[in-house]
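Handing you a structure now.
By convention in this document, chain letters (A, B, ...) are assigned in the order of the sequence lines, proteins followed by strands, and residues within each chain are numbered from 1. Note that the structure is a prediction, hence the values are computed from the model and not measured.
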Amino acid sequence: MTTLSLLKEHVEIMLPEDGLQQKLALNRPLVIKLGFDPTAPDLHLGHAVVLKKLKQFQDLGHQIVIIVGSFTAQIGDPTGKNKSRKPLGKEEVLANADTYIQQLSRVIEIHKCEVRFNGDWLDDLTFKEILQLLSTITVAQLMHRNDFNKRFTENTPIAMHELMYPILQGFDSMQIKADIEMGGTDQLFNCSMGRQMQEAHGMEAQVVMCMPLLKGLDGKEKMSKSLNNTIGLTDAPNEMFGKVMSIPDALIPEFLTLATNFTLAQIEEVKQINHPMDLKKRIARNIIEQYHDAAAAEAAEQFFVQQFQNKVFDEKNFEPVAIRDLGLIKEQMTLLELCHLLKKEETKSNIRRLISGGGVWVNNEKMMDPNQVIKVTAGTKLKLGKRLLVELVP
RNA sequence: GGGCAGGUUCCAGAGCGGCCAAAUGGGGCGGACUGUAAAUCCGCUGACUACGUCUUCACAGGUUCGAAUCCUGUCCUGCCCA
């Protein structure tokens with residue numbers, strides 16, 4: 001396979017179409033830009049699609065520049081959904097950037113990347129300079145952006161500063177003299193703004209490469225933290241396995257090409273597997289191999305088969321929780337109280353509903369009365385909802 | 001600046017003086033079925049010291065025995081006009 005076709009693999013949008021080969025023809029390390037907002041610093045498989053592509057560039061000796069949107073985070077990429085975003089403090093930005101970078105290193109070689117904060121150049125812009133920037137962009141151009149257009153025609157508000165977001169992102173590209181900007185297809189507009197601005201300022205326009213957006217566990221929306229349909233890069237193996245098994249079958253081809261690291265030949269091979277369930281298992285294992293290791297993948301599969309398919313409530317599948325760590329030391333308490341201690345993030349009302357709805361088992365027996373008093377003793381096994389399995393230990 | 005229409009629970013969207021913690025749909029969470037798939041069916045979906053209590057319908061006051069619903073002011077949004 002040629003370098004070009006390898007790099008083009010899975011790419012959904014390339015702007016201009018022959019841009020990549022032209023850049024490669026320059027025969028020098030290219031500056032590849034990837035930006036992110038340091039808001040929700042949890043990377044998932046959706047991000048990984050783009051990151052894996054970056055890794056390919058990196059392996060070929062190109063320079064990756066990560067832009068931390070320390071400034072733009074305060075605006076927020078206008079999706080229309082995030083209402084008023086509270087400005088992040090400096091420490092918060094740094095902390096988020098840190099965890100983010102740490103997670104990036106699960107896919108790319110972070111020590112070879114350059115990390116820049118766009119506050120470095122955006123913070124100090126004067127109003128005059130800003131106006132100069134703005135003068136190269138027309139309202140009609142901005143309105144081409146899908147999101148703006150939609151909101152405008154639907155009479156939902158668009159704040160002025162939201163219009164600035166793509167422009168600032170374009171400015172970032174000017175600053176670092178990006179040759180290529182990568183992103184998901186949802187970034188197409190923002191990225192092409194960079195092209196236009198670079199050109200307007202006498203620079204060579206960057207090439208825009210957009211990767212497809214991986215769908216989330218619900219099979220409908222794109223994978224996104226706020227939709228709670230993600231498989232996180234740092235998720236535990238068992239969690240990853242279960243999540244992959246729960247995707248709708250219709251999503252299999254997409255996961256196969258975008259979430260696994262199978263080669264095209266391997267994909268063809270794996271596709272021969274008949275039962276969708278087995279196919280998903282294969283995918284799940286591959287994903288865990290990428291972010292953990294083969295042994296973990298093996299173990300996760302075993303766990304899954306035993307726990308959810310054979311419904312064997314094996315001792316070792318229960319997560320041990322020390323009674324003394326529960327915080328409340330009482331010999332007896334109501335089921336409600338105990339469950340709440342095990343699922344602190346839920347409201348008691350929710351726990352109550354969970355119990356009354358038949359979602360709680362104690363020692364393999366369904367308990368539907370929240371007020372049932374039970375003895376808190378070591379060896380007690382609880383199942384709360386579909387996922388949480390707990391065994392009390394001293 | 002003027003005229004008009006609006007701001008309701010996670011979202012969309014009813015309600016327009018008591019039967020409203022608020023219809024309906026979506027989403028979410030449980031349960032049945034299953035392959036932790038899809039489809040289908042059932043229950044739940046403000047909080048709590050829970051057969052009762054408390055806090056919600058932009059905000060602040062007011063009228064009423066009683067307000068999401070009426071009045072006044074404020075803030076916010078959209079449309080039209082300037």
>> Here's a test of your reading of the structure: between A/Glu239 and A/Ser349, which maps to the more 5' nucleotide of RNA chain B?
In response: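 Closest to the 5' end, via its nearest nucleotide, is A/Glu239.
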> Roughly, in whole Å, what's the span from NZ in A/Lys150 to P in B/A12?
Replying inline: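 For the pair A/Lys150 NZ and B/A12 P, the rounded distance is 11 Å.
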>> Strictly under 4.0 angstrom, non-hydrogen atoms only: write out the protein contact profile of nucleotides 20-33 of chain B, one letter per nucleotide from the 5' end, B, S or -.
In response: -------S--SS--
> Can you find an N or O donor on one side and an acceptor on the other, under 3.5 Å apart, linking the side chain of A/Asp249 with the base of B/G35?
Replying inline: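 Side chain to base: pair present.
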>> Taking pairing as Watson-Crick or G-U wobble with both contacts under 3.5 Å, can you name the mate of B/C44, or confirm there isn't one?
In response: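 B/G28 is the nucleotide pairing with B/C44.
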> Rounded to the nearest Å, what distance is computed from the CD atom of residue A/Glu346 to the P atom of nucleotide B/G46?
Replying inline: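 Between P of B/G46 and CD of A/Glu346: 14 Å.
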>> Can you measure A/Ile351 atom CD1 to B/A47 atom C1' for me and round it to whole angstrom units?
In response: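 From A/Ile351 CD1 to B/A47 C1': 14 Å.
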> Whole Å only: how far is the CG atom of A/Asn155 from the C1' atom of B/U77?
Replying inline: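 Going from CG in A/Asn155 over to C1' in B/U77 covers 10 Å.
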> Given atom CD1 of A/Ile252 and atom C1' of B/G35, what is their separation to the nearest angstrom?
Replying inline: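 Taking CD1 of A/Ile252 and C1' of B/G35, I get 10 Å after rounding.
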> Does B/G6 pair with anything, Watson-Crick or G-U wobble, both distances under 3.5 Å, and if so, with which nucleotide?
Replying inline: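 Pairing partner, where one exists within any strand: B/C76.
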> Shortest non-hydrogen contact from A/Val31 to A/Ile176?
Replying inline: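 Nearest heavy atoms, A/Val31 then A/Ile176: CG1-O, 3.8 Å.
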>> What is the distance, to the nearest angstrom, from the NZ atom on A/Lys281 to the C1' atom on B/G35?
In response: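 These atoms are roughly 8 Å apart.
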> Which atom pair, heavy atoms only, marks the closest approach of A/Met211 to A/Glu9?
Replying inline: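 Heavy-atom minimum between the residues: CE-O, 4.2 Å.
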>> What is the separation between atom CD on A/Glu221 and atom P on B/C11, rounded to the nearest whole Å?
In response: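 It is 15 Å, rounded to the nearest whole Å.
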> Is the gap between the ring centers of A/Tyr100 and A/Phe36 under 6.0 Å?
Replying inline: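 Yes - the distance between ring centres of A/Tyr100 and A/Phe36 falls below the 6.0 Å cut-off.
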> If pairing requires Watson-Crick or G-U wobble contacts with both distances under 3.5 Å, which nucleotide is the partner of B/C20?
Replying inline: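 Base-paired to nothing in any strand shown.
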> Hey, which of A/Thr3, A/Thr2, A/Leu20 is the one that makes side-chain contact (heavy atoms from CB on, under 4.5 Å) with A/Lys8?
Replying inline: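 Single side-chain contact (heavy atoms from CB on, under 4.5 Å) partner of A/Lys8 among A/Thr3, A/Thr2, A/Leu20: A/Leu20.
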>> Could you tell me how far B/A21 sits from B/C10 if I compare only their C1' atoms? Round to whole Å.
In response: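 Roughly 16 Å separates the two C1' atoms.
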> Base, sugar-phosphate, or nothing: which does A/Pro248 touch, judged by heavy atoms less than 4.0 Å apart?
Replying inline: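 Result for A/Pro248 = sugar-phosphate.
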> Is A/His144 reaching over with its side chain to a backbone N or O of A/Gln141, donor-acceptor style, under 3.5 angstrom?
Replying inline: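 Checked: no pair found.
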> Just how far is it from atom CZ of A/Arg352 to atom NE2 of A/His340, taken to the nearest 0.5 Å?
Replying inline: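 Answer rounded to 0.5 Å: 11.0 Å.
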>> Please evaluate residues A/Asp18 and A/Gln21 with respect to the criterion side chain to side chain donor-acceptor pair (under 3.5 Å), reporting the C-alpha separation (whole Å), side-chain torsions for both, the decisive distance (0.1 Å), and the verdict.
In response: CA-CA 6 Å; A/Asp18 59 350; A/Gln21 57 206 96; over 6 Å; no
> Looking only at atom C1', what distance separates B/C16 and B/G7, rounded to whole Å?
Replying inline: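 B/C16 and B/G7 have their C1' atoms separated by 15 Å.
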>> Give me the distance, rounded to whole Å, that separates B/C20 from B/U56 when you measure between the C1' atoms they each carry.
In response: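 That atom pair is separated by 11 Å.
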>> With a cut-off of less than 4.0 Å, is there a side-chain N or O of A/Lys348 near OP1 or OP2 of B/U49?
In response: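 Yes, A/Lys348 has a side-chain N/O under 4.0 Å of OP1/OP2 on B/U49.
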>> If you assign A/Thr156 and A/His275 each to the RNA chain B nucleotide with the nearest heavy atom, which residue ends up on the more 5' nucleotide?
In response: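 The 5'-side residue here is A/His275.
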>> Please classify the nucleic acid contact of A/Lys280 as base, sugar-phosphate, or nothing, using heavy-atom distances under 4.0 Å.
In response: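 Touches a base.
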> Can you check the A/Met240 CE to B/U36 C1' distance for me, whole Å?
Replying inline: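 After rounding, the reported distance stands at 17 Å.
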